[in-house]
Amino acid sequence: MYTKELESFKINFSNYVKKISLVLPKEYDLETIVSLIKRYYPFEWQILNEKYKYYCAKDKKLKVLGKKVRFAMMEPILLVESLDITKKLLSKEYIDSYRNSFIIEVKILAEDDFKKERDPKIRKRQEKITKAKIKAQEVEPLFLDELMGLYDRKSTSQKDRIYILKELQKYYCTKVIDFFKRKVESEYNRQLREMAFYHLQELGHLAVLRKQKYMRIPSKNKKRREILRNVYANERFNIKEIPEELEYRIQNSKEQKIKTYDYFISHSSADFKEIQHLIVELNKSKRNVYCDWVNDNDYLKRNLVGLATRTVIEKRIEQSKAIIFVKSEHSMQSLWVKYELNYALELNKPIYEIKKKDILNGSYSTEKIIDLWFLEKEYKNIILFENQLKNENRNVAN
């Protein structure tokens, strides 16, 4: 597998260097070639570096076990230097010839054409990655370790592992990315392995989806090996992505019960842009926040709003240390915001206020809310969605 990957890298990067040779400046060296690769093939360079670190870690583990180093992969810059095309470009004869025949106008035209070819592809891939990252927070809450530990227990079912992976996908950090890489390599269940693979691919990380026949059965026990091979490997489970499903998991499953948040963001969805910016800023301060369209976007769909949605929101408020209310003309009119703030106040949760207009310019401050404009003793009677009274009366009757 390593030999095939290395050969693939050499072929691909030889092609990259060949294309880059057309836009080299009059004076150049190895560093110039590598900088142009980083400029025009940034994701490919990132993947090469990831694979280098991966095999270095493998060799390090072998050393610790007292075994012989197996891979000894070259550093990315040395791999580029070892390519035949690079050796040719760096030879004295070629450099002298290139310098003597160099025409700046030709180089500029070639560079313009190359930018037209590469920049849209780079931009498209970056947009895809950025879009994927919007669904995840760039922070490492403490419960991630517990989630991963829960996944790795032998007693954890394939079904529960599906839910755990879905929760881990909501965080973009080194710890989670490394966990998914391990699962792509070692997870014996096809569906789980595919989930890890496609998640990494969506975020622009290298992953190789191995065929089942190449997977090692993770057990030495004969009976368990048979179960893993004939049952576990082929098990599949599809989550019902509806509020009622999340409500059930919150009440009955550990992967939901162990979750905690620093802040619950009470806001209007009309202020999407500002809220997204605020989450990024809070993540930079290592704050894990709850926002419905980030943390529970796979369950809480607007066309399915009901009693289960309200139950989920209440639980997320309970799991949060404090509330941040983003004040805007939209949020001041939102019945959901009014309900959330009343529920939080009833639980004695600290409530802080941030003005929407101050978020994008970075001048916002977090202050404890003073004006309790939202206060309503009978807030539980607020009609949050159509047919709410009908549903509640039906529940009472049952």
Side-chain angles (χ1 to χ4, degrees), residues 1-13 16 34 37-38 41-83 129 132-133 136 138-154 156 161 164-165 167-190 192-220 228 286:
M1 183 175 174
Y2 166 73
T3 304
K4 286 182 179 179
E5 285 186 340
L6 187 61
E7 189 59 32
S8 177
F9 277 127
K10 286 183 176 181
I11 292 170
N12 290 336
F13 275 82
Y16 305 155
V34 171
I37 291 174
K38 291 178 182 178
Y41 298 94
F43 304 109
E44 292 81 358
W45 180 256
Q46 174 193 313
I47 286 172
L48 178 61
N49 276 272
E50 284 186 11
K51 189 52 76 170
Y52 169 70
K53 291 175 183 176
Y54 170 81
Y55 283 116
C56 282
K58 286 277 188 185
D59 281 338
K60 187 177 180 180
K61 189 174 181 180
L62 288 169
K63 279 185 178 180
V64 170
L65 295 172
K67 297 181 179 181
K68 186 179 178 181
V69 167
R70 185 179 298 172
F71 308 106
M73 183 174 174
M74 287 185 287
E75 290 181 44
I77 190 169
L78 296 179
L79 187 144
V80 172
E81 187 180 28
S82 72
L83 302 173
I129 293 170
K133 284 184 177 180
E138 297 190 46
V139 67
E140 290 187 8
L142 294 175
F143 64 78
L144 288 184
D145 289 323
E146 199 170 347
L147 271 179
M148 294 173 189
L150 185 61
Y151 182 101
D152 287 331
R153 286 184 190 173
K154 287 184 179 179
T156 302
R161 284 176 176 157
I164 293 170
L165 284 189
E167 292 305 315
L168 289 171
Q169 286 175 352
K170 295 170 185 176
Y171 292 92
Y172 182 71
C173 57
T174 302
K175 185 177 289 186
V176 170
I177 293 301
D178 287 346
F179 180 83
F180 275 92
K181 285 180 179 179
R182 290 197 299 273
K183 295 311 160 191
V184 167
E185 181 183 315
S186 62
E187 175 54 61
Y188 198 65
N189 176 266
R190 288 185 179 88
L192 293 168
R193 193 165 68 253
E194 287 173 0
M195 281 182 68
F197 169 77
Y198 289 118
H199 182 65
L200 288 172
Q201 199 174 55
E202 188 178 39
L203 292 167
H205 292 278
L206 178 65
V208 178
L209 187 58
R210 300 170 74 180
K211 294 181 180 179
Q212 196 68 29
K213 63 180 179 180
Y214 296 125
M215 297 302 300
R216 184 182 68 84
I217 305 176
S219 178
K220 292 182 179 180
L228 290 171
K286 297 184 179 180

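Quick caveat, the model's predicted, so the values are computed rather than measured.
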Would you confirm whether [X], through its side chain, and [Y], through its main-chain N or O, come within 3.5 Å as a donor-acceptor pair?
X: T156; Y: L150; answer: yes
X: S186; Y: R182; answer: yes
X: E187; Y: N189; answer: yes
X: Q201; Y: V208; answer: no
X: D59; Y: V69; answer: no

Carboxylate-amine/guanidinium proximity below 4.0 Å for [X] and [Y]:
X: K183; Y: D152; answer: yes
X: E167; Y: K170; answer: yes
X: K181; Y: E50; answer: yes

query = Just wondering, are more than 12 heavy atoms of other shown residues or ligands nearer than 6.0 Å to NZ in K61?
reply =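 Atom NZ in K61 is not crowded, with 12 or fewer foreign heavy atoms closer than 6.0 Å.
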inquiry  = Is it the case that atom CG in L142 sees more than 12 heavy atoms from other parts of the structure closer than 6.0 Å?
reply    = no
message = Test of understanding: with ring-ring contact (aromatic ring centres under 6.0 Å, His included), list the residues that count as partners of Y52, not counting sequence neighbours.
response =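 ring-ring contact (aromatic ring centres under 6.0 Å, His included) check on Y52 returns nothing, list empty.
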Salt bridge (charged side-chain N to carboxylate O under 4.0 Å, His left out) involving E185 - partner list, sequence neighbours excluded = K58
message = Please list all pairs meeting side chain to side chain donor-acceptor pair (under 3.5 Å) that have one or both residues in residues 208-218, counting only residues at least two apart or in different chains.
response = R193-Q212
key: Residues E146 and Y151: side-chain donor-acceptor under 3.5 angstrom   =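 There is no such pair (donor and acceptor under 3.5 Å, judged by atom type) between the side chains of E146 and Y151.
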